[in-house]
Amino acid sequence: MSQHKLLDELTWRGLIHQCTDQAGLAKLLDSGQQTVYIGFDPTASSLHVGSMMQLMMLRRFQRAGHRPIALVGGATGMIGDPSGKSEERNLLSAEQLQENVQGVANQMRCFLEFEGSSGAILLNNFEWMQHYSYLEFLRDVGKSFPVGVMLGKESVRARLESEAGLSYTEFSYMLLQAYDFVHLCRQHGCRIQAGGSDQWGNITAGIDLGRRMLGEQLFGITAPLLTTSDGRKMGKTESGAIWLDADRTSPYQFYQYWRNVEDADVMRCIAYLTEIDREEYQALAEATANDPGRRAAQNRLAEWMTDLVHGADGLNAAVRASKILFGGEIGTQSDASLGEIFADVPSSEVDRKRLADDGYWIVDALQATGLVKSGGEARRAIKDGGVYLNNVRVTDQQQHLTESDLASETVMVFRKGKRNYALLRFL
RNA sequence: GGGGGUUUGCCCGAGUGGUUAAAGGGGGCGGACUGUAAAUCCGUUGGCUACGCCUACGCAGGUUCGAAUCCUGCAGCCCCCA
């Protein structure tokens with residue numbers, strides 16, 4: 001067991017899946033500030049929950065005084081990493097990549113400090129790969145890659161055995177990532193590469209290349225993948241990935257995702273993704289075991305994560321929205337605050353004149369919201385007690401809505417069932 | 001090419017002339033319970049300002065007071081013979 005603080009922390013958090021030479025790494029880390037790198041795939045203009053493990057890993061190194069490099073794979077992204085992928089990937093266009101690199105870079109500011117003596121460095125491997133000629137690359141890099149070793153890599157073998165096969169392009173991916181490591185070692189003295197466990201093959205390829213080309217001893221460390229107790233990848237819902245970009249996944253949705261993590265997964269999430277310390281971790285684990293209904297761990301996880309990614313304001317908004325969306329009184333609100341709370345809720349516009357005279361029949365209103373498909377369904381829903389106006393149960397099928405039913409200047413809030421909301425704006 | 005079978009609501013599947021808007025199950029949607037969980041229980045599940053009317057049992061016609069049910073033609077699927 002290492003006596004090293006950082007490695008101890010990573011160990012108790014369960015973040016060390018594999019490590020090329022843990023004793024050597026501990027010695028290296030003790031010898032002074034080191035530079036660590038992790039690569040990020042710019043397949044979209046936003047990072048998602050899956051990347052958070054990696055960002056947090058860099059952050060942990062940075063907090064321990066080391067310098068992180070976040071490498072955005074502008075070049076490797078053009079090729080596509082076959083690791084863990086069952087099929088050949090579609091190539092991204094250069095413009096799309098440029099846009100993605102930009103978006104991803106911005107989000108990293110939540111996780112990493114870019115100023116100071118251990119300030120993070122953001123690099124794009126397109127910068128050094130774009131002018132590297134094919135012939136030069138083959139002579140410099142390709143020469144150091146025995147095909148036998150490459151064929152032995154899990155990522156390659158799995159694909160060769162599958163029906164999908166593997167193109168030469170994807171086969172070559174490993175060389176590019178391996179060369180990144182060498183380049184970073186040369187230019188930035190980077191001797192450590194971290195990553196998810198699916199990156200082991202690529203990382204060790206880089207270490208081999210470093211030994212051959214530079215005679216340097218490089219180090220690799222991988223973290224386990226973040227999966228649920230039944231083996232599915234975390235960060236996905238039926239409706240898609242959980243993104244870090246507030247425009248793709250609102251702070252409220254983000255917050256709710258973590259609040260709803262299964263008991264069986266929550267402690268692992270806290271260990272892997274947060275900086276909640278060991279004492280509090282123990283306390284939360286006990287609280288979950290003794291009183292699971294309180295969801296103390298989930299609440300803390302959601303709070304910590306939302307605060308990190310969306311800041312105090314985002315967290316506040318998410319908490320406020322959660323209170324109301326889960327049945328709290330709506331009372332009298334302003335359009336602005338309702339708009340914020342119900343940002344994720346579909347809304348439709350209705351002519352304000354409908355509220356005049358006899359008013360707007362509730363059955364018609366429900367159809368206008370899209371919560372029901374027909375008048376019959378609306379009547380049934382009311383009869384079953386499943387319809388709420390401004391979070392108050394509707395009991396009268398003949399109710400007609402007037403201006404006095406508005407929750408704010410122009411909005412009425414409809415709900416069917418526990419949490420299907422829709423807004424009507426009367427303009 | 002010849003013979004036989006089959007086609008039902010979101011899905012599976014009963015129903016062979018009338019009380020069938022169509023049993024039963026699944027799924028969905030509500031409600032109760034609960035931990036914003038799981039399990040369980042209950043209700044509901046074509047449309048319509050609605051004790052009534054309209055549309056529906058592959059499609060199009062026909063028989064009948066009355067058809068998902070009988071007849072004819074067409075189409076889809078399945079099996080057997082060539």
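Hydrogens, waters and symmetry mates play no part in the numbers below; they use all other heavy atoms, side chains included. Order of the sequence lines fixes the chain letters, A, B, ..., with proteins taken first and strands second; residue numbering starts at 1 for each chain.
A:Y421 places its OH atom 12 Å from the P atom of B:G30, with the value rounded to the nearest Å. In this structure, A:R379 places its CZ atom 15 Å from P of B:G52, rounding to the nearest Å. B:U49 atom P lies 16 Å from atom CG of A:D396, rounded to whole Å. The distance from atom OH of A:Y252 to atom P of B:U36 is 12 Å, rounded to the nearest whole Å.
A:R393 comes within 4.0 angstrom of sugar-phosphate atoms only, judged by non-hydrogen atoms across all strands, and of no base. As judged by a 4.0 angstrom heavy-atom cut-off over every strand, A:R294 is placed among residues making no nucleic acid contact. Residue contacts for A:Y388: at a heavy-atom cut-off of 4.0 Å it reaches the sugar-phosphate backbone alone, with no base atom in range. Among the protein residues, A:Q256 comes within range of the nucleic acid bases, having at least one heavy atom under 4.0 Å from a base atom.
Which of B:U49, B:G35, B:G30 sits closest to the side chain of A:N420 comes down to B:G30. Looking at the side chain of A:P292, the nearest of the listed nucleotides B:U36, B:C29, B:G35 is B:G35.
Stem regions for RNA chain B, each three or more consecutive Watson-Crick or G-U pairs with both distances under 3.5 Å and listed by first number, read B:1-7 with B:75-81, B:10-12 with B:24-26, B:27-32 with B:40-45, B:46-48 with B:52-54, B:58-62 with B:70-74.
For the C1' atom pair drawn from B:G58 and B:A75, the interatomic distance equals 8 Å after rounding to whole Å. Between B:G47 and B:C41, the two P atoms lie 27 Å apart (nearest whole Å). Spacing between B:U49 and B:G43 at atom P, rounded to whole Å, works out to 27 Å. To the nearest whole angstrom, the two P atoms, one in B:G25 and one in B:G13, are 16 Å apart. Rounded to the nearest Å, the gap between the P atom of B:A56 and that of B:A67 is 13 Å. Across the C1' atoms, B:G28 and B:C12 are found 15 Å apart, a figure rounded to whole Å. Spacing of C1' atoms, B:C74 relative to B:U7, comes out at 14 Å, to the nearest Å. Between B:C70 and B:G26, the distance separating the two P atoms is 30 Å to the nearest Å.
Put simply, CE on A:M52 and CG on A:L273 are 5.5 Å apart, with the number rounded to the nearest 0.5 Å.
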Quick tally for nucleotides 37-47 of chain B: nucleotides whose base has a protein heavy atom under 4.0 Å get B, sugar-phosphate-only ones S, the rest -, giving S-----BSS-S
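Between the side chains of A:Q298 and A:D263, a donor-acceptor pair is found at a separation under 3.5 Å. Between A:D180 and A:T76, the side chains place no donor N or O within less than 3.5 Å of an acceptor N or O (distance only, hydrogens not considered). Neither side chain, A:T228 nor A:D265, offers a donor N or O lying under 3.5 Å from an acceptor on the other. A:R379 and A:S374 share no side-chain donor-acceptor pair at under 3.5 Å. A donor atom on one side chain and an acceptor atom on the other are not found under 3.5 Å apart for A:Q253 and A:Y257. A donor-acceptor pair shorter than 3.5 Å cannot be found between the side chains of A:N420 and A:R415.
Positionally, the nearest nucleotide of RNA chain B for A:G386 lies more toward the 5' end than for the other of A:R259 and A:G386. Judged by closest nucleotide on RNA chain B, A:A381 is the one of A:A381 and A:Q398 placed further toward the 5' end.
Put simply, the residue from A:T274, A:N299, A:I270, A:L301 that forms a side-chain contact (heavy atoms from CB on, under 4.5 Å) with A:W258 is A:L301.
Relative ring orientation between A:H48 and A:W243 is described as perpendicular, the plane-to-plane angle rising above 60° on a 0-90° scale split at 30° and 60°.
The cationic atom of A:R419 (NZ for Lys, CZ for Arg) does not lie both less than 6.0 Å from the six-membered ring centre of A:F326 and within 45° of the ring axis.
Residue A:D291 places no side-chain atom within donor-acceptor reach of the base of B:G35, judged by atom type and a 3.5 Å distance cut-off alone.
Ring-centre distance between A:Y281 and A:W12: below the 6.0 Å cut-off.
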